[in-house]
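Input: a single structure, listed below in structure tokens.
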Amino acid sequence: MSFFDMGGYAAYVWPAYILSALALTVLGIRSWRALRRVERLVALSENPEKQT
Amino acid sequence: MLHYANPQNFLNLARRLTPWFFGAGIAMIAVGTYLGLVIAPPDYQQGDAFRIIYVHVPAAWMSLFVYGSMAVASASAFIFKHPLGDVAAKAAAPAGAVFTALALATGMLWGKPMWGTWWVWDGRLTSELILLFIYIAYIALWDAIDEPTRAARMARILCLVGAINVPIIHFSVEWWQTLHQGVTVFRTDGPQMPASMLTPLLIMALGYTVFFVGLLFVRMRTEILARRLRTLRLNIEGAFA
């Protein structure tokens, strides 16, 4: 179990890693979704007749 | 290179490269995390707490690298009227703000067990906090001004003025010797760290950089398409006016 204890510093090491992973994941997903959204809107505006 | 100054050519290139940058960045971050948490030996002074370095230092480097890139992009928009300069700077800013916030947060998590305090107003910490405020001001400025060319001009000026803070952050540990430790890696006499500790740090830093480029491509594509959308809508409104 000593790996998860981080030599007694678990309360500092794990939050640092979890926070970093979480922040970068959220940033990546939000950026990707924003791109998908604007791509859809551009496609709709350029070919309005394709709209269903 | 001039070929890719054209937004359409850039869009095509960015679309093809984005998955590779994300894939390589995430893979390097995974390898760096494994080496940093499992393989690297504990520090003889700091024990396992030093492992925070592998998420703290790359985030801090990125906070400066992203700002430096934004300053270069803003300057190229000013001097060469580069059509992608403002797009790149605007697209990079939120990522830079996140890296800066992560550098501060992971630094606090490292400072508490090592220094006995979450925060001190020393040169490094204060100038890094100012960097976060500059990022926020830059992002807010784009939102606050409706007219795009005026917003771009003001944002360039803010970005270039704020760039003064970048060397201040870098040299802060030499100018004001306080709690934050000094330069360990980029020294003229070589890095003061054994390879088993340094290698994961460099892999992690490279992973963060490559991941950021992927993010930048996605966000620049979003910004270019948003501008195209604005033009399309103005044309549609114009047709019915």
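Every value quoted in this text rests on a predicted model; they were computed, and no experiment measured them.
- Nearest heavy-atom pair across A/L24 and B/F211 is O-CZ, 3.7 Å.
- In this structure the side chain of B/T18 reaches within 4.5 angstrom of the side chain of A/W32, judged on heavy atoms.
- Neither the backbone nor the side chain of B/A59 has a heavy atom closer than 4.5 Å to any heavy atom of chain A.
- More than 12 heavy atoms of other residues, nucleotides or ligands sit less than 6.0 Å from atom CH2 of B/W118.
- Within the 4.5 Å cutoff, no side-chain heavy atoms of B/T106 are placed close to those of A/Y17.
- Nearest heavy atom pair, residue B/L102 against residue A/L19, reads CD2-O, 3.8 Å.
- A donor-acceptor contact shorter than 3.5 Å is absent between the side chain of B/D48 and the backbone of A/Y9.
- Neither the backbone nor the side chain of B/F50 comes within less than 4.5 Å of any heavy atom in chain A.
- Proximity to chain A (any heavy atom under 4.5 Å) is restricted, for B/M114, to the side chain, taken from C-beta onward.
- Among the candidates B/I29, B/T33, B/V38, B/L225, the residue making the largest number of heavy-atom pairs closer than 4.5 Å to chain A is B/L225.
- Taking a 6.0 Å sphere around CZ of A/R37, one finds it holds 12 or fewer heavy atoms contributed by other residues, nucleotides or ligands.
- Within the 4.5 angstrom heavy-atom criterion, atoms from both the backbone and the side chain of A/Y12 approach chain B.
- Between B/V55 and A/S20, the closest heavy-atom pair is CB-OG, 3.5 Å.
- Closest of all the heavy-atom pairs between A/A23 and B/V98 is CB-CG1, 4.1 Å.
- In this structure, B/L109 CG and A/I18 CD1 are separated by 10.5 Å, a value rounded to the nearest 0.5 Å.
- Residue B/A101 does not touch chain A at all, counting heavy-atom pairs closer than 4.5 Å.
- In this structure, the portion of B/Q46 lying under 4.5 Å from any heavy atom of chain A is its backbone and not its side chain.
- For the options B/F212, B/Y54, B/F22, B/W110, heavy-atom pairs under 4.5 Å to chain A are most numerous at B/Y54.
- Under the 4.5 Å side-chain criterion, counting only non-hydrogen atoms from C-beta, A/L41 is in contact with B/R233.
- How far CZ of A/R36 is from CZ of B/R221: 6.5 Å, rounded to the nearest 0.5 Å.
- Put simply, the side chain of A/W14 reaches to within 4.5 Å of the side chain of B/L37, judged on heavy atoms.
- Shown here for B/L229 and A/S45, the closest heavy-atom pair between the two residues is CD1-OG, 3.4 Å.
- Heavy atoms closer than 4.5 Å to chain A are found in both the backbone and the side chain of B/R51.
- Annotation for B/L215 and A/G28: closest pair CD2-CA, 3.8 Å, computed over non-hydrogen atoms.
- Here the side chains of A/L35 and B/R15 are not in contact, with every heavy-atom distance at 4.5 Å or above.
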